[in-house]
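Working notes for the structure below.
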2 protein chains.
Amino acid sequence: MSVTIKDIAKLAGVSHTTVSRALNDSPLINPETKERIKAIAGSMNYTPNYSARSLVLDRSYNLGLFFTTLHTGTSAGFLYEAVKGVNDVIKDDYNLIVRGIDDYKSFHKVNRKNFDGIIVMSQSESDQSFIEYASDKEIPLVVLNRPVESVQVMNFVPDDQSGAYRLTEYLVQQGHRKIAIIEGKKGFKSTQARRDGYREALRKHGISVPESFYVSGNYDLESGHAAMSRLLELPDRPTAVFCCNDDMALGAVKAVTERGMSVPEDISVAGFDDHLFSAFMSPALTTVRRPIEEISRAGAEKLLNFIEKKHSEKSVVLFRTELVVRDSVKSI
Amino acid sequence: MSVTIKDIAKLAGVSHTTVSRALNDSPLINPETKERIKAIAGSMNYTPNYSARSLVLDRSYNLGLFFTTLHTGTSAGFLYEAVKGVNDVIKDDYNLIVRGIDDYKSFHKVNRKNFDGIIVMSQSESDQSFIEYASDKEIPLVVLNRPVESVQVMNFVPDDQSGAYRLTEYLVQQGHRKIAIIEGKKGFKSTQARRDGYREALRKHGISVPESFYVSGNYDLESGHAAMSRLLELPDRPTAVFCCNDDMALGAVKAVTERGMSVPEDISVAGFDDHLFSAFMSPALTTVRRPIEEISRAGAEKLLNFIEKKHSEKSVVLFRTELVVRDSVKSI
DNA sequence: AATAGCATTGTTAACGTGTGCATTTCTATG
DNA sequence: CATAGAAATGCACACGTTAACAATGCTATT
């Protein structure tokens with residue numbers, strides 16, 4: 001069926017070992033023999049059987065890009081940027097296998113035979129047992145998006161807390177004191193980091209807000225809409241709302257306009273993430289930019305380095321988040 | 001290092017073949033021996049070496065989900081729905097390898113040894129040589145999104161043309177006669193299908209529009225914004241604009257509101273795709289829903305069926321698109 | 001007890017490739 | 001020409017697993 005090195009060996013009148021040497025640039029072969037063999041392999045469209053090589057070399061040439069979950073709380077933009085960033089680095093040298101960690105009935109299919117390395121795009125601690133398992137198996141591992149302390153891994157994390165701090169400080173500088181927050185999905189570390197940044201900025205400026213100014217969301221449009229509806233019904237309404245991602249901000253703005261009120265004239269709204277659509281909302285959204293594609297690219301480069309060099313070290317790299325001021329916040 | 005069936009055989013006092021039989025539910029083994037072996041394998045955390053199995057069984061347990069390109073013209077929502085739909089079907093029985101076809105320097109790494117099957121999410125004819133190559137190699141193949149005639153493949157296609165027809169007809173029924181179109185990325189088949197549906201509806205109603213009512217876009221927010229800006233500068237302005245996807249519609253709406261005009265009071269806007277954000281735009285977008293996740297799920301099921309049963313047939317399944325009426329179109 | 005048939009288990013080889021060590025060939029030197 | 005050393009090539013085995021066919025053991029029947 002497929003061409004094997006034995007087929008080539010027959011035609012070239014050499015052993016299969018010599019064919020292997022020729023195709024792998026071994027120094028132990030005569031250059032003329034090598035070129036002859038390569039020409040025959042080319043004319044026969046030979047492709048190595050990667051299963052056979054994997055078996056002998058103890059390599060799979062698979063990389064995992066594993067998300068905590070693909071079922072809920074993962075926005076389309078997030079997945080897109082991660083896949084794109086990693087693919088740009090690995091090209092066609094590796095197979096990129098995309099999966100939700102919660103899709104595994106059991107982790108034991110994940111081992112060094114099947115994956116040369118894994119990038120975990122971590123959204124919550126519910127993937128912690130997976131990270132510990134993978135580290136224990138000594139699979140080359142990079143964790144993006146969430147800091148992990150209990151395991152010796154390379155970690156690339158956007159600085160959500162200071163992004164949220166800076167955004168809340170900006171709201172304060174615009175004169176706002178009644179600032180509410182629509183939080184992200186419960187249990188996600190990004191939810192906590194953004195809330196912490198918000199609280200820290202309030203504390204810094206000696207501002208206290210009522211408990212009713214903390215409303216839970218689920219990182220999606222619907223929950224943003226519902227949360228804003230609740231805030232708009234408060235007797236003492238906030239003047240500004242920090243939505244912990246842009247999807248929820250879009251839902252929140254919709255809830256405002258549905259009541260015949262407008263953003264930012266009646267209430268200011270800010271988001272987090274700077275998705276592609278954010279600049280095109282009406283009004284254009286003030287938000288914080290998180291470089292997910294850049295983080296994914298850096299993580300993939302580091303992982304490839306680890307795999308090829310067998311060298312790893314515990315490190316945490318914080319990626320700078322950036323305040324993006326547009327039109328959705330009014331100065332009062 | 002890893003546990004092999006030979007290690008288990010030693011402990012169980014049987015041959016490695018008997019271990020293989022036990023773990024693969026062969027009828028050729030005593031049930032008691034089988035349970036004893038399974039218990040030992042479990043306690044040793046045995047995992048098969050998939051490379052070895054692949055080599056013997058001539059299977060890779062890899063499925064490709066290949067997009068024409070991941071570089072431009074592919075929206076985040078599109079990628080997300082496709083990945084999610086396929087993953088929901090294959091679970092952890094197969095590795096899902098996600099890639100852009102234009103990332104391949106050469107296709108010859110794609111063969112039956114490395115992929116049990118491939119789903120091509122086709123956006124344009126630029127992937128035609130790949131589809132022909134894969135079909136020629138007799139790799140089980142399913143093509144989604146674009147009809148392919150020259151190759152015997154299973155095809156799952158959303159009915160873009162009748163969706164666009166129905167939307168344009170709706171605009172006509174709301175009293176619009178000056179209907180412009182912001183087209184999609186040049187060369188994409190979806191671009192042509194949507195334009196054809198639009199033209200067919202105009203023709204059916206005996207409406208003709210000037211050439212200036214056909215403006216090119218690139219399926220992204222920016223090009224929608226730019227195209228609408230051009231339409232708004234025409235001396236004889238359209239009363240309604242059909243944007244060939246929702247991303248461009250969002251950009252178009254932004255261009256309208258930037259001029260102090262409003263949608264739908266001054267000009268009506270419609271989109272295509274029904275992305276998650278579309279219901280939350282101000283105004284909520286009238287659009288056409290394409291069931292990408294459903295198509296991806298059906299394609300994956302069919303491909304698995306093909307792989308397991310070795311049976312395939314040329315077929316084209318059209319998936320119904322659906323007009324979704326919201327608030328962005330005014331009756332005049 | 002002998003025989004036949006069935007169930008169970010094991011031997012051997014295969015899958016395609018890479019590599020350690022043995023063998024052969026070639027070249028340079030005395 | 002003989003010898004030593006280097007270069008080139010090949011043999012044999014390994015990797016982990018599955019399966020064809022052979023061998024062995026058990027049971028039922030005559």
Side-chain angles (χ1 to χ4, degrees), chain A residues 1-38 40-42 44-62 108-116 137, chain B residues 1-38 40-42 44-62 108-109 111-116 137 308:
Chain A
M1 169 160 223
S2 310
V3 180
T4 73
I5 60 173
K6 285 176 183 174
D7 301 320
I8 297 168
K10 263 201 212 108
L11 279 193
V14 296
S15 70
H16 79 267
T17 303
T18 306
V19 174
S20 184
R21 286 196 183 109
L23 299 180
N24 289 299
D25 294 316
S26 168
L28 307 179
I29 184 165
N30 178 300
E32 282 167 3
T33 311
K34 179 176 170 180
E35 293 313 316
R36 186 159 58 87
I37 288 166
K38 279 187 156 188
I40 293 170
M44 297 179 84
N45 258 309
Y46 168 76
T47 315
N49 183 314
Y50 289 97
S51 298
R53 274 175 79 167
S54 298
L55 185 56
V56 172
L57 297 180
D58 209 17
R59 293 279 305 262
S60 66
Y61 293 97
N62 291 334
H108 83 289
K109 281 194 179 179
V110 183
N111 53 50
R112 290 198 61 137
K113 297 285 179 189
N114 300 330
F115 291 93
D116 285 351
K137 294 286 175 188
Chain B
M1 168 157 218
S2 309
V3 180
T4 73
I5 59 174
K6 285 177 182 172
D7 301 320
I8 297 169
K10 265 203 207 98
L11 280 193
V14 296
S15 72
H16 74 268
T17 302
T18 304
V19 174
S20 184
R21 285 194 184 110
L23 299 179
N24 289 297
D25 293 317
S26 169
L28 307 178
I29 185 166
N30 180 300
E32 282 169 5
T33 311
K34 178 176 169 178
E35 294 312 317
R36 186 161 56 89
I37 288 165
K38 280 186 155 188
I40 293 170
M44 296 179 83
N45 258 308
Y46 167 77
T47 314
N49 183 315
Y50 289 98
S51 298
R53 274 172 82 168
S54 299
L55 187 55
V56 170
L57 297 180
D58 208 17
R59 293 280 303 261
S60 66
Y61 293 96
N62 292 333
H108 84 288
K109 280 193 180 179
N111 52 50
R112 289 196 62 137
K113 297 285 181 192
N114 300 331
F115 291 92
D116 286 351
K137 293 287 176 186
E308 305 294 347

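Chain naming here is simple, since letters A, B, ... match the order of the sequence lines and numbering starts at 1 in each. Fair warning: this is a prediction, and the values are worked out from it, not measured in the lab.
- For the pair T4(A) and dG16(C), the criterion of a side-chain N or O lying under 4.0 Å from OP1 or OP2 is not met.
- For Y50(A), no side-chain nitrogen or oxygen approaches OP1 or OP2 of dG18(C) to under 4.0 Å.
- Here the side chain of N30(A) pairs a donor or acceptor atom with the backbone of E32(A) at under 3.5 angstrom.
- Nearest-nucleotide positions on DNA chain C for N30(B) and L55(A) put N30(B) closer to the 5' end.
- Atom pair H16(B):NE2 and dA14(D):P shows a separation of 13 Å (rounding to whole Å applied).
- The minimum heavy-atom distance linking F115(B) with K109(B) is given by the pair CE1-O, 4.5 Å.
- In this structure, the CG atom of N24(B) is 9 Å from the C1' atom of dT17(D), given to the nearest Å.
- Annotation for S2(A) and D7(A): closest pair O-OD2, 3.7 Å, computed over non-hydrogen atoms.
- Under 3.5 Å, the side chains of S20(B) and T17(B) contain no donor-acceptor pair of N or O atoms.
- The separation between R59(B) atom CZ and dA19(D) atom P is 12 Å, rounded to whole Å.
- Between I8(A) and I37(A), the closest side-chain pair of non-hydrogen atoms falls below 4.5 Å.
- Here I29(B) lies in heavy-atom contact (under 4.0 Å) with sugar-phosphate atoms only.
- With respect to the salt-bridge test (charged N to carboxylate O, under 4.0 angstrom), the residues D25(A) and K34(A) qualify.
- Across I5(B) and H16(B), no two heavy atoms sit closer than the pair CD1-O, 3.7 Å.
- Following rounding to the nearest Å, I8(B) (CD1) and dT18(D) (P) show an atom-to-atom distance of 11 Å.
- At whole-Å resolution of the value, CD in E32(A) and P in dT25(C) are 18 Å apart.
- Contact annotation: side chain of T17(A) to base of dC11(D), donor-acceptor pair present below 3.5 Å.
- If you check every strand for non-hydrogen atoms under 4.0 Å, V14(B) touches sugar and phosphate atoms only.
- Protein atom CD1 of I37(A) is 12 Å distant from nucleotide atom P of dA8(D), rounded to whole Å.
- A straight line from NZ of K6(B) to P of dC13(D) spans 13 Å, rounded to a whole angstrom.
- At least one side-chain nitrogen or oxygen of T33(A) sits closer than 4.0 Å to the OP1 or OP2 atom of dT9(D).
- The side chain of L28(B) lies closest to dT8(C), out of dG16(C), dT8(C), dG10(D).
- Only one option out of N111(B), N114(B), D116(B) pairs with S60(B) in a side chain to side chain donor-acceptor pair (under 3.5 Å); it is D116(B).
- Contact between the side-chain N/O atoms of R53(B) and the OP1/OP2 oxygens of dT18(D) is found at a separation under 4.0 Å.
- Not one side-chain nitrogen or oxygen of T18(A) sits closer than 4.0 Å to the OP1 or OP2 atom of dT9(D).
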Sub-3.5 Å pairs of nitrogen or oxygen atoms, protein against nucleotides 23-28 of chain D:
none

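- R21(A) has its CZ atom 10 Å from the C1' atom of dG18(C), to the nearest Å.
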